[in-house]
Amino acid sequence: PVYDPHRAEPYLIEPGDRVRFVPVEHGAPLPPLQPLDLLPAEPEHPAFVVRRPGLLDLVVDRGRFLVGRLGFARSGPLDAASARIANALLANRPDAPLLEMNVLGPTLEAVRDVVVAVAGPGVRFMIDGRAAEPYVTTLVKRGQVLTFPPASSGTRGYLAVAGGIASATFLGSASVDVRVLVGRPLQADDVLAVAEQRTP
């Protein structure tokens, strides 16, 4: 395949290359490409287990830069201001990965004590079925369950964890881009881990 996100150099062709096509007699069909999973298979500091995914939960950072020549979008958060606020509340780096939730967020069970912040108008923030405050830092205890039902206005919300969400990167970014098979939305039993462990 001309493009494969699993390769160190995902594209076989770059702008300026010369390409020559030659006939083949017996061409085997190419197997379908699988998405490149960016979440670590065995995270060092697990924080949450996904009990139920939302409509479209994506790990994002500030996005990919200087990749338009390859046909990629920048990706990153659709509400950059809310994402920036969520990370700033926790003194995370501005480019720390966080979770973007669309209309309906996931159900997450904490497997360790962790400090979080929620920002954005698209979802409400609930802990064990009780309303929690957005736009502040919140200590979530091990065993507590977070839910993010739809809000009355807006479509997106952001969940940041102290230390950022652990994720691999592709072309310099942890942002999921489902159209080019880079990462995927959260699924049941996925684990969200802390990239930089801090004492709550």
Side-chain angles (χ1 to χ4, degrees), residues 5 10 35-40 43 47-48 50 53-108 114-127 131-138 140 146-187 190 192-196 198:
L36 175 66
D37 204 340
L38 298 178
L39 291 178
F48 294 102
V50 179
L55 288 181
L56 185 67
D57 313 312
L58 307 174
V59 174
V60 296
D61 57 15
R62 290 197 296 184
R64 294 179 181 86
F65 295 85
L66 304 177
V67 293
R69 63 189 176 86
L70 299 174
F72 284 102
R74 173 178 165 177
S75 299
L78 289 172
D79 182 353
S82 293
R84 187 166 56 250
I85 290 169
N87 268 328
L89 286 167
L90 298 167
N92 286 344
R93 301 187 328 269
D95 61 345
L98 73 170
L99 186 66
E100 179 178 81
M101 302 170 285
N102 293 271
V103 181
L104 172 66
T107 299
L108 306 175
V114 61
V115 179
V116 306
V118 173
V123 297
R124 292 182 290 143
F125 180 26
M126 313 283 287
I127 300 177
E133 287 293 324
Y135 299 100
V136 297
T137 57
T138 303
V140 177
L146 278 56
T147 52
F148 305 89
S152 58
S153 63
T155 55
R156 291 177 185 87
Y158 294 85
L159 170 69
V161 301
I165 293 176
S167 176
T169 61
F170 176 81
L171 297 181
S173 171
S175 288
V176 172
D177 188 336
V178 294
R179 292 173 297 179
V180 293
L181 301 178
V182 173
R184 56 172 175 76
L186 291 188
Q187 300 173 356
D190 279 344
L192 292 177
V194 176
E196 176 190 339
R198 300 179 189 171

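Not measured: the values here are computed from a predicted model. Every heavy atom of this structure was used, including side-chain atoms; hydrogens, water molecules and symmetry mates were not.
With rounding to the nearest 0.5 angstrom, the CG atom of L108 is 9.0 Å from the OG1 atom of T147. Of the inter-residue distances, the one linking L186 atom CG with M101 atom CE reads 10.0 Å to the nearest 0.5 angstrom. Separation of atoms CG (L98) and CG (L90) is listed at 9.5 Å; rounding is to 0.5 Å. Note that CG of L58 and CZ of R156 are 9.5 Å apart. Values are rounded to the nearest 0.5 Å. The CD atom of Q187 lies 9.5 Å from the CG atom of L39; values are rounded to the nearest 0.5 Å. Rounded to the nearest 0.5 Å, atoms CZ (F125) and CG (L146) are 4.5 Å apart.
When the side chain to side chain contact (heavy atoms under 4.5 Å, CB included) test is applied to P94, the partners found at least two apart in sequence or on another chain are R62. Residues satisfying the side-chain hydrogen bond (donor to acceptor under 3.5 Å, both in side chains) test with R74, not counting sequence neighbours, are none. Residues satisfying the side-chain hydrogen bond (donor to acceptor under 3.5 Å, both in side chains) test with N92, not counting sequence neighbours, are N87, R198. For R124, the side-chain hydrogen bond (donor to acceptor under 3.5 Å, both in side chains) criterion is met by no residue, not counting sequence neighbours. Annotation: side-chain hydrogen bond (donor to acceptor under 3.5 Å, both in side chains) contacts of S82 (sequence neighbours excluded): D79.
I165 has its side chain out of reach of L159: every pair of non-hydrogen atoms, C-beta onward, lies at least 4.5 Å apart. For the pair F48/D190, no side-chain contact is recorded, criterion being any heavy-atom separation below 4.5 Å from C-beta on. Residues Y135 and V118 fail the side-chain proximity criterion, which asks for heavy atoms closer than 4.5 Å. Taking 4.5 Å as the limit, some side-chain heavy atom of V114 sits within range of a side-chain heavy atom of V194. Between L38 and V59, the closest side-chain pair of non-hydrogen atoms is not below 4.5 Å. With contacts defined as side-chain heavy-atom distances shorter than 4.5 Å, the pair R64/S75 qualifies. The closest side-chain heavy-atom distance from P10 to F170 is below 4.5 Å. Residues V136 and L89 fail the side-chain proximity criterion, which asks for heavy atoms closer than 4.5 Å.
Residue pairs meeting the salt bridge (Lys or Arg N to Asp or Glu O under 4.0 Å) criterion with at least one member in residues 158-177, sequence neighbours excluded, are D177-R179.
Under a 3.5 Å cut-off, the side chain of E100 and the backbone N or O of L78 do form a donor-acceptor pair.
For the pair L56 and P185, the tightest heavy-atom approach, listed with the atom from each and the gap, is CD1-CG, 3.6 Å. The shortest non-hydrogen separation linking A174 to D61 is N-OD2, 2.8 Å. Taking every heavy atom of both residues into account, P5 and V182 meet most closely at CB-CG2, 4.4 Å. The two residues L99 and P106 come nearest to each other via the heavy atoms CD2-CG, 4.0 Å.
For Y158 and F148, the distance between ring centers is not under 6.0 angstrom.
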